[in-house]
Amino acid sequence: DRGALPWDEALRIGEQIAQGLAAAHGKAVFHRDIKPGNILLDGRGHAYLTDFGIAKVVNADTQLTVDGSRLGTPQYMAPERCEGKDAGAASDIYALGVVMYQCIAGRLPFTAETPAGLLDQIVTEAIGPVSRFAGSAPRDVDRLIAWMTEKAPRHRPSSAQVLADAM
């Protein structure tokens, strides 16, 4: 927990996490709890995604939730998850967008007095530009985070690999 990061360092970390998500998604594994506490950095600055404890594994015959009793961390949940809909690759991409916002802005995009208020904000309000809190962040970073956090999953990057390439 170092507070806000320079936007270029945050994007470097985000790209590494997106590459990890691309590998997991390629095996039909969806993390479902992307948050700063599940991202580790080693001494060389390499980022690792940890805690697949509530991951969802999907194959042709079954959908397996490793721990169906936990929903994830509300501040990072995608709108579709807040509405009780299925989580997939697009939900992980949304959560990574919230993490990127927090890394650069030094704050979460949504805060509320109650969990219900928080979920309502996530479902109904757009995430504002990160550059309003981090003036050095270029407009392209605002656009990238806006793309990652689109309300409709179909409007987000089509895959974590597409996202990693964009970063």
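All values below come from the heavy atoms of this structure, side chains included, with hydrogens, waters and symmetry mates left out. Just so it is clear, the structure is predicted and the values come from calculations on it, not from any experiment.
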Practice item. May I ask you to test the Ile127-Val98 pair for a side-chain heavy-atom distance under 4.5 Å? Key: yes
Point to revise | Check: Arg81 side chain, Arg32 main-chain N or O, donor-acceptor pair, under 3.5 Å | key: yes
Practice item. Would you sort out whether Gln16 and Gln19 count as a side-chain contact (heavy atoms from CB on, under 4.5 Å), showing the intermediate values? Key: CA-CA 5 Å; Gln16 292 177 38; Gln19 291 285 0; 5.6 Å; no
Exercise for review: Sequence neighbours left out, what passes side-chain hydrogen bond (donor to acceptor under 3.5 Å, both in side chains) with Tyr76? Give chain and number order.
Suggested key: Gln102
Review point. How long is the gap from CG on Leu5 to CG on Leu11, to the nearest 0.5 Å?
Key: 11.0 Å
Pairs under 3.5 angstrom only: tabulate donor-acceptor contacts from the side chains of residues 103-118 to other protein residues two or more places apart or in another chain.
| from | atom 1 | to | atom 2 | distance (Å) |
| --- | --- | --- | --- | --- |
| Thr114 | OG1 | Gly117 | N | 2.9 |

**Study point:** side-chain hydrogen bond (donor to acceptor under 3.5 Å, both in side chains) partners for Ser131, two or more places apart
**Key:** Asp142
Practice item. Return the set of residues passing side-chain hydrogen bond (donor to acceptor under 3.5 Å, both in side chains) with Arg143 (not counting sequence neighbours), or none when no residue passes. Key: Asp140
Check your understanding: For the residue pair Tyr101 and Phe133, does the interplanar ring angle fall in the parallel (under 30°), tilted (30 to 60°) or perpendicular (over 60°) class?
Key -> perpendicular
Review point. Taking the side chain as C-beta and beyond, is there a heavy-atom pair between Leu21 and Ile34 under 4.5 Å?
Key: yes
Counting only pairs under 3.5 Å, give me each side-chain donor-acceptor contact of residues 144-151, with atom names and distances, residues two or more places apart or in other chains.
| from | atom 1 | to | atom 2 | distance (Å) |
| --- | --- | --- | --- | --- |
| Trp147 | NE1 | His155 | O | 3.3 |
| Thr149 | OG1 | Ile145 | O | 2.7 |
| Lys151 | NZ | Ile122 | O | 2.4 |
| Lys151 | NZ | Glu125 | O | 2.4 |

Exercise for review: May I ask you to test the Ser159-His25 pair for a side-chain heavy-atom distance under 4.5 Å?
Suggested key: no
Check your understanding: If we only count heavy atoms from C-beta on, is the Pro79 to Lys85 side-chain gap below 4.5 Å?
Key -> no
Review point. What is the minimum heavy-atom distance between Ala160 and Ala18, and which atoms define it?
Key: CB-O, 3.5 Å
Check your understanding: Are Asp165 and Gln161 side-chain neighbours, meaning at least one heavy-atom pair lies under 4.5 Å?
Key -> yes
Practice item. Heavy atoms only: give me the nearest Met100-Gly14 pair and the separation to one decimal. Key: SD-CA, 3.5 Å
Distance-only donor-acceptor pairs under 3.5 Å for side chains of residues 36-44, two or more places apart:
| from | atom 1 | to | atom 2 | distance (Å) |
| --- | --- | --- | --- | --- |
| Asn38 | ND2 | Asp33 | O | 2.8 |
| Asp42 | OD1 | Arg44 | N | 2.9 |
| Asp42 | OD1 | Gly45 | N | 3.0 |
| Asp42 | OD1 | His46 | N | 2.9 |
| Asp42 | OD2 | Tyr48 | OH | 3.2 |

Study note, to complete from the structure: Taking every heavy atom of Val141 against every heavy atom of Trp7, the minimum-distance pair comes out as CG2-CE3, 3.6 Å
Review point. If you measure from CD on Gln121 to CG on Leu119, what distance do you get to the nearest 0.5 Å?
Key: 9.5 Å
Review point. CG of Leu49 to NZ of Lys35: how many Å apart, nearest 0.5 Å?
Key: 11.5 Å
Exercise for review: Give, for atom CG of Leu96 and atom CZ of Arg156, the distance between the pair rounded to the nearest 0.5 Å.
Suggested key: 12.0 Å
Practice item. For Arg154, look at atom CZ and say whether over 12 heavy atoms of other residues, nucleotides or ligands are found less than 6.0 Å away. Key: no
